[in-house]
Amino acid sequence: MPNNNFIERSILETLSFFRESVFADEYAARDGFLQRRNARQKTIASLLLLTGVLFARNLYLLSAIYIFVLGLAVLSRINLWFFLKRTWIFIPLFSLFIALPALFSFFSPGEPVLILPIGQIKLVMTKPGLMAAGFFVARVVTSVSITVLLALTTRHNELLKGLRVLRVPQMFVMILGMCYRYIYLFAEVVENTYLAIKSRVGGHVRQRAGRKIVAWSIASLWQRSYALNTQVYNAMLSRGYRGEPKVLEEESK
Amino acid sequence: MHIPDGYLGPATCGFFYAVMLPIWALASKIVKKTLKAKQVPLLAIGSAFSFVIMMFNVPIPGGSTGHAVGGVLVAILLGPWAATIAITVALVVQALLFGDGGITAIGANCFNMAFVLPFVGYYVYRLISAGSTVGSSRRVVAAGIGAYLGINMAALCAGIEFGLQPLFHHTAIGQALYCPYGLNVAVPAMLGGHLLVFGWVEVLVTALVVKYLQKQSPELLQSQEAAQ
């Protein structure tokens, strides 16, 4: 059986990763309500909202926050359909799926709402079950929406720098920023690696061979990364790095 | 295994942030001491590396594909403390910029994947490979076993964290407010998949990468051991 779907899948995944990033950049560049706010304010506001969602014990409050976030997305000129798709797929849908058994009496005993007879067995949907599943999914989707909205309306490097307001040590912020840059480089390496595999093996790779190829590609990526390290360090030295990271921007703000 | 927001209650989230703070501080201190100045960019590169390992799809029996998490591999290559920092950075980038894993759950996610996973895996690897030469096949086996135990330990932790939610957070009538399943459901659900499928993907990738590096650049397997 031809088994090259791991090749296709990897290529598609890296491509969708780049596509998402381009979309995110495009949204962050629009002139909308949240795009005009500064990254630090947005980070703090998002954290406050997330904490609110975390502590909320009222389904109306959770729904109100969710609608508020959707409103902010519209005000920030984000296509609502795109936003809903982006936030519901995959985590909330998955959560909805795993919350399904909790609807019924064997996990959530209580006042029955609906009885589904399936053959000899009667599945009893209960009120506490509905509430538990509702809380769970509402909390998950609202939290994901807040995070995605922040990431969509803020340039990523500004968002990472904004972490300094939370007293994240400068060293961590520097590593975060550098890591972010290398992700794109490495994702491109992954894409090229799989394209190269595809062009060499065509439509058929045995599973065993496939696993070897992938593991070797990972190992060779690490070899390249290690070599890259020396170059990056020399580049840092040449720009004046002396053991402590220094940043030029934002001093005037 | 990335726990999203909404699965864990405030007490659990706060608890794991509190647990991770001293671990992060200690990790920074130890890494500053052991890592040469020249290797500072390596932490960032290591984070990016652990981020993209998940993009490498591996064929698994049954015609499907899976991907490795790579935490134990990163620990073998960088040492466990540097791995803690590198994986934490990768998890923060994933949560903040790509919505993968919750922000309130960063403490818990880091505890499972940036602390338990690399430490268990790394020390199992060191224990089994103790006294072996860098090219010995015992190291390959050690890497595989370390990877398997590391990821399953992390999955067990996640399962316990989920399973405790209905006990900690519920309304007066016992209705769950966060993850709705108790330990008897959450632990087997988390552990089952990892013991049977994901753990083996981790074994294959970690062992094969170590085997490749033994042949191609054995010095990369020794670089962090020498530093300790």
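Quick caveat, the model's predicted, so the values are computed rather than measured. In the text below, chain A, chain B and the rest are named by the order of the sequence lines, each starting its count at 1.
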Determine, using ring centers only, whether B/Y7 and A/F136 are less than 6.0 Å apart. yes
Ring-ring centroid check B/F98 A/F17, cutoff 6.0 Å: yes
Point-to-point distance, once rounded to the nearest 0.5 Å, from [atom1] of [X] to [atom2] of [Y]:
| X | Y | atom1 | atom2 | value |
| --- | --- | --- | --- | --- |
| A/S225 | B/L77 | OG | CG | 9.5 Å |
| A/M178 | B/I45 | CE | CD1 | 6.0 Å |
| B/L43 | A/L176 | CG | CG | 11.5 Å |
| B/L208 | A/I213 | CG | CD1 | 11.5 Å |
| A/I175 | B/S47 | CD1 | OG | 6.5 Å |
| A/I98 | B/F162 | CD1 | CZ | 7.0 Å |

Looking at [options], which one has more heavy-atom pairs under 4.5 Å with chain A than the rest?
| options | result |
| --- | --- |
| B/G6, B/C13, B/P10 | B/P10 |
| B/L8, B/T206, B/V58, B/L42 | B/L42 |
| B/I53, B/L204, B/D100 | B/L204 |
| B/L213, B/L177, B/V92, B/V205 | B/L177 |

Under a 4.5 Å cut-off applied to non-hydrogen side-chain atoms, are [X] and [Y] in contact?
| X | Y | value |
| --- | --- | --- |
| B/P180 | A/F135 | no |
| A/F172 | B/S28 | yes |
| B/L97 | A/L159 | yes |
| A/R211 | B/V201 | no |
| A/S10 | B/M55 | no |
| A/S143 | B/T104 | no |
| B/L96 | A/L160 | yes |
| B/F56 | A/L221 | yes |

Please determine, among [options], the option with the most heavy-atom pairs under 4.5 Å with chain B.
| options | value |
| --- | --- |
| A/F90, A/F94, A/Y180 | A/Y180 |
| A/Y182, A/W222, A/F55 | A/W222 |
| A/V140, A/V137, A/T147, A/I183 | A/I183 |

Could you tell me how the ring of A/W216 sits relative to the ring of B/Y212: parallel (under 30°), tilted (30 to 60°) or perpendicular (over 60°)? tilted
Which bit of B/A95 is near chain A, if near means a heavy-atom gap under 4.5 Å: side chain, backbone, both or neither? backbone
Given heavy-atom pairs under 4.5 angstrom as the criterion, report whether the side chain, backbone, both or neither of B/L73 touches chain A. side chain
Would a distance-only check, ignoring hydrogens and angles, find a side-chain to backbone donor-acceptor pair under 3.5 Å from A/R139 to B/Y178? no
Determine the minimum heavy-atom distance between [X] and [Y], stating which atoms define it.
| X | Y | answer |
| --- | --- | --- |
| B/Y181 | A/L100 | OH-N, 4.4 Å |
| B/P41 | A/V232 | CB-CG1, 3.7 Å |
| A/A215 | B/V209 | O-CG2, 3.4 Å |
| B/G99 | A/I91 | O-CD1, 3.4 Å |

Apply the test side chain to side chain contact (heavy atoms under 4.5 Å, CB included) to residues B/V52 and A/T14: give CA-CA distance (whole Å), side-chain angles for both, the deciding distance (0.1 Å), then the verdict. CA-CA 9 Å; B/V52 295; A/T14 48; over 6 Å; no
Contacting moiety of [X], where chain B heavy atoms sit under 4.5 Å:
| X | result |
| --- | --- |
| A/P101 | both |
| A/E13 | side chain |
| A/S220 | both |
| A/L163 | side chain |
| A/V53 | neither |
| A/A138 | neither |
| A/R86 | side chain |
| A/L152 | neither |
| A/T87 | neither |

Steps toward side chain to side chain contact (heavy atoms under 4.5 Å, CB included) verdict (B/V93, A/H156): CA-CA 10 Å; B/V93 172; A/H156 286 178; over 6 Å; no
By number, which residues in residues 185-195 of chain A have some heavy atom less than 4.5 Å away from chain B? A/F186, A/A187, A/V190, A/Y194
Decide yes or no on side chain to side chain contact (heavy atoms under 4.5 Å, CB included) for B/F49 and A/I218, but give the supporting numbers first. CA-CA 9 Å; B/F49 179 74; A/I218 295 177; 3.7 Å; yes
If you draw a 6.0 Å radius around NZ in B/K211, do more than 12 non-hydrogen atoms from other residues or ligands fall strictly inside? no
Step by step, would you call B/D5 with A/L50 a side chain to side chain contact (heavy atoms under 4.5 Å, CB included)? CA-CA 8 Å; B/D5 285 317; A/L50 278 172; 3.8 Å; yes
